[in-house]
Amino acid sequence: MVPNLPDKWVEINLDAVGKNLQTVKSLLAEGTRLIAVIKADAYGHGAAVTAQLLRDNGVEYFAVSFFREAMQLRQAGIAENILVFSPIISEYELREAIKYNLTITIASLFDWQLLDNVSASVDAEIKIHLKVDTGLGRFGLQAKEVLGLIPKIRKNCRINIEGIYTHMAAAASSPAYTRGQFRSFMQILHQLEEAGLKISLRHCANSAVLLKYPQMQLDAVRIGTLLSGQAPVGIARPDLVLEDPYHFKTRIVSLRKLEKGSYLAYYRSYRLKKAAQVAVIPVGFIDGLALQVGNKPSGWLDLLKTIVKIILLYGNVARFGPQVSIKGIDYPVRGKVFMQMALVEIPPDREVNIGDEVTVPVRKTLTSPDITRIYLHHGKVVKISTKEGGMDSPVELLSIED
Ligand SMILES: *Cc1c(COP(=O)(O)O)cnc(C)c1O
């Protein structure tokens with residue numbers, strides 16, 4: 001298909017993003033607006049290309065974490081609304097954000113003061129969303145602060161309070177806490193209305209909330225995970241048709257037959273139980289293969305699950321270790337993954353060859369931007385981004401228009 005492929009590359013299937021968008025839309029109540037969250041390079045799928053596809057399919061509102069991410073979208077020609085979640089704390093960036101019509105989050109009195117100062121010398125309308133902290137402990141005004149701030153914001157005629165939002169901490173795991181957060185948020189909205197202020201975009205739902213509490217959609221939902229083809233951690237919804245657009249691929253670079261009892265990898269970390277073909281793939285932990293997230297378990301049950309998983313992994317139960325796919329069949333990665341290599345055990349009778357394509361499970365958001373991305377749309381390659389060959393910026397070979 002594409003000549004001279006590098007050692008490893010990522011295929012991103014934009015049709016899958018389109019399908020996930022339709023699935024998300026089917027979950028929305030009449031009148032709910034969709035804010036497509038494409039932070040962290042659209043969860044590793046490529047922010048600009050993903051935004052273009054979503055826009056061409058009717059998405060009018062985007063969100064990212066940082067000012068810089070928003071500016072990259074503007075540079076890529078995305079003229080739609082872009083909400084920036086993280087407070088913008090530099091005056092220069094605030095001015096740029098206003099100039100480029102970004103939607104600014106006000107999450108503290110500090111944020112408000114800075115914007116108020118900057119606004120005195122700008123001529124444009126400034127769109128803001130207020131962020132309220134109801135229990136995540138990250139960004140957000142306290143309820144009292146919101147009410148105190150309103151008269152000040154209203155005095156500033158350049159500022160348009162378009163939206164107000166909060167973010168849920170544990171929608172997948174703690175119903176009582178989630179309902180409590182929702183109640184706090186509704187109470188603030190109620191108080192604002194009593195004070196005569198009706199804000200048109202009220203939102204609190206991420207992917208997990210949309211799935212578990214559809215009644216919490218309010219005016220808009222902020223969705224990232226579902227668009228990227230995954231159900232949120234801790235939520236099983238087999239009825240949902242989601243498709244992963246992202247496939248990290250490589251090729252077999254060595255293939256040898258080894259005897260039963262042979263040791264594999266550093267520390268003799270695996271011993272073949274039968275004779276096998278052992279394939280080497282040029283993918284290692286630097287690519288995010290077999291990397292475990294070292295977060296503190298969130299509770300008793302989580303701790304127990306983590307321990308059981310480690311024990312099954314130790315027992316080499318294939319399903320609990322990384323598996324790669326060759327011609328549609330899964331094979332286990334054996335032994336400790338190397339920095340840039342890994343070993344795959346394949347039964348002796350399987351027809352595989354050096355050069356065969358291998359699909360590898362990696363952490364999408366950790367994949368180096370140096371690795372070539374191949375974008376597919378309607379089954380055709382529409383764009384290749386590569387830094388290979390000493391080029392330091394993505395090269396657009398084909399446009400995304402079909
Ligand atoms: C990342 C993020 C979202 C999207 O959450 P998903 O669970 O990925 O849908 C929504 N809101 C905020 C504030 C976020 O940071």
Side-chain angles (χ1 to χ4, degrees), residues 5 7-13 16 43-45 225 228-234 236 238 242-258 260-294 305-368 371 374:
L5 277 172
D7 288 347
K8 43 203 176 190
W9 68 98
V10 174
E11 280 179 19
I12 294 163
N13 180 6
Y43 296 46
H45 298 86
T225 300
S228 67
Q230 279 164 320
V233 174
L242 295 169
E243 202 178 303
D244 192 349
Y246 187 101
H247 297 284
F248 188 105
K249 297 197 170 173
T250 185
R251 292 183 188 285
I252 296 177
V253 294
S254 161
L255 187 69
R256 295 183 311 138
K257 290 204 162 77
L258 293 183
K260 171 182 171 177
S262 304
Y263 285 105
L264 302 186
Y266 286 142
Y267 317 116
R268 310 188 303 165
S269 42
Y270 187 73
R271 189 172 188 203
L272 286 178
K273 295 187 175 66
K274 304 176 204 142
Q277 308 184 76
V278 174
V280 182
I281 54 171
V283 178
F285 61 76
I286 61 158
D287 301 298
L289 177 61
L291 276 192
Q292 303 292 328
V293 180
K305 277 191 202 159
T306 309
I307 293 170
V308 169
K309 237 173 110 171
I310 290 171
I311 291 171
L312 290 169
L313 192 62
Y314 182 73
N316 293 305
V317 178
R319 200 154 60 78
F320 290 89
Q323 288 184 283
V324 302
S325 162
I326 305 168
K327 295 179 193 152
I329 300 172
D330 287 345
Y331 299 101
V333 170
R334 293 303 195 189
K336 250 179 107 57
V337 167
F338 297 88
M339 187 183 280
Q340 295 170 299
M341 304 287 165
L343 305 178
V344 180
E345 180 184 357
I346 301 165
D349 55 336
R350 296 289 165 80
E351 178 67 34
V352 292
N353 293 294
I354 289 178
D356 279 358
E357 203 172 285
V358 184
T359 304
V360 186
V362 298
R363 298 198 150 258
K364 299 181 197 182
T365 45
L366 293 186
T367 305
S368 159
I371 290 178
I374 298 177

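In what follows, every heavy atom counts, from backbone to side chain, and hydrogens, waters and symmetry copies are set aside. Position 1 is the first residue of the sequence; numbering continues from there.
- No side-chain donor-acceptor contact under 3.5 Å links R334 to the backbone of V344.
- Shown here is R268, whose CZ atom has no more than 12 heavy atoms of other residues, nucleotides or ligands within 6.0 Å.
- Remark: the backbone N or O of A276 is not paired with any side-chain donor or acceptor of K260 at under 3.5 angstrom.
- Taken to the nearest 0.5 Å, the NE2 atom of H247 stands 6.5 Å off from the CG atom of N13.
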Discussion item. For V352 and L255: C-alpha separation, side-chain torsions, deciding distance, then whether side-chain contact (heavy atoms from CB on, under 4.5 Å) applies.
Written reply: CA-CA 9 Å; V352 292; L255 187 69; 3.8 Å; yes
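- Looking at every heavy atom in both residues, I346 comes nearest to R350 through CG2-CB, 3.7 Å.
- Within the 3.5 Å criterion, the main-chain N or O of L289 finds no donor-acceptor partner in the side chain of D287.
- Not a single donor-acceptor pair under 3.5 Å links the side chain of T250 to the backbone N or O of V358.
- One finds the CE atom of M341 at 9.5 Å from the OG atom of S254 (value rounded to the nearest 0.5 Å).
- The two residues V333 and A342 make their nearest non-hydrogen contact at CG1-CB, 4.2 Å.
- A distance of 10.5 Å separates OG1 of T359 from CZ of F248, quoted to the nearest 0.5 Å.
- Atom NE2 of H45 is separated from atom CD1 of I12 by 6.5 Å, given to the nearest 0.5 angstrom.
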Discussion item. Applying side-chain contact (heavy atoms from CB on, under 4.5 Å) to Y331 and Q323, what does each step give before you reach the verdict?
Written reply: CA-CA 5 Å; Y331 299 101; Q323 288 184 283; over 6 Å; no
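- A pairwise comparison of heavy atoms in A265 and L343 identifies N-CD1, 3.9 Å as the closest pair.
- Pairing each heavy atom of A290 with each of V337, the nearest pair is CB-CG2, 3.7 Å.
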Fill in: side-chain contact (heavy atoms from CB on, under 4.5 Å) assessment of M339 paired with F285
CA-CA 5 Å; M339 187 183 280; F285 61 76; 3.8 Å; yes
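- Contact detail for K8 and I371: the closest heavy-atom pair is O-CG2, 3.8 Å.
- The CG atom of L272 sits 5.0 Å away from the CD atom of E345 when rounded to the nearest 0.5 Å.
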Worksheet item: After noting the C-alpha distance and the side-chain angles of K327 and D356, does the key distance pass the salt bridge (charged side-chain N to carboxylate O under 4.0 Å, His left out) rule?
Response: CA-CA 8 Å; K327 295 179 193 152; D356 279 358; 3.3 Å; yes
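- Of all heavy-atom pairs spanning L313 and G321, the tightest one is CD1-CA, 3.3 Å.
- At distances below 3.5 Å, not a single donor-acceptor pair connects side-chain atoms of K249 with backbone N or O atoms of V360.
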Worksheet entry | Verdict with supporting geometry, L264 and V278, side-chain contact (heavy atoms from CB on, under 4.5 Å) | CA-CA 9 Å; L264 302 186; V278 174; 4.2 Å; yes
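- Aromatic rings from F338 and Y266 are positioned such that their centres are separated by under 6.0 Å.
- Checked by atom type and distance alone, the side chain of Q277 pairs as donor or acceptor with a backbone atom of P347 at under 3.5 Å.
- Under the side chain to side chain contact (heavy atoms under 4.5 Å, CB included) rule, I310 has a single partner from T306, I307, V308, which is T306.
- Within a 6.0 Å sphere centred on NZ of K273, heavy atoms belonging to other residues, nucleotides or ligands number more than 12.
- Separating the OG atom in S262 from the CZ atom in R256 is a distance of 8.5 Å, to the nearest 0.5 Å.
- With 3.5 Å as the limit, one finds a donor-acceptor pair spanning the side chains of T367 and Y246.
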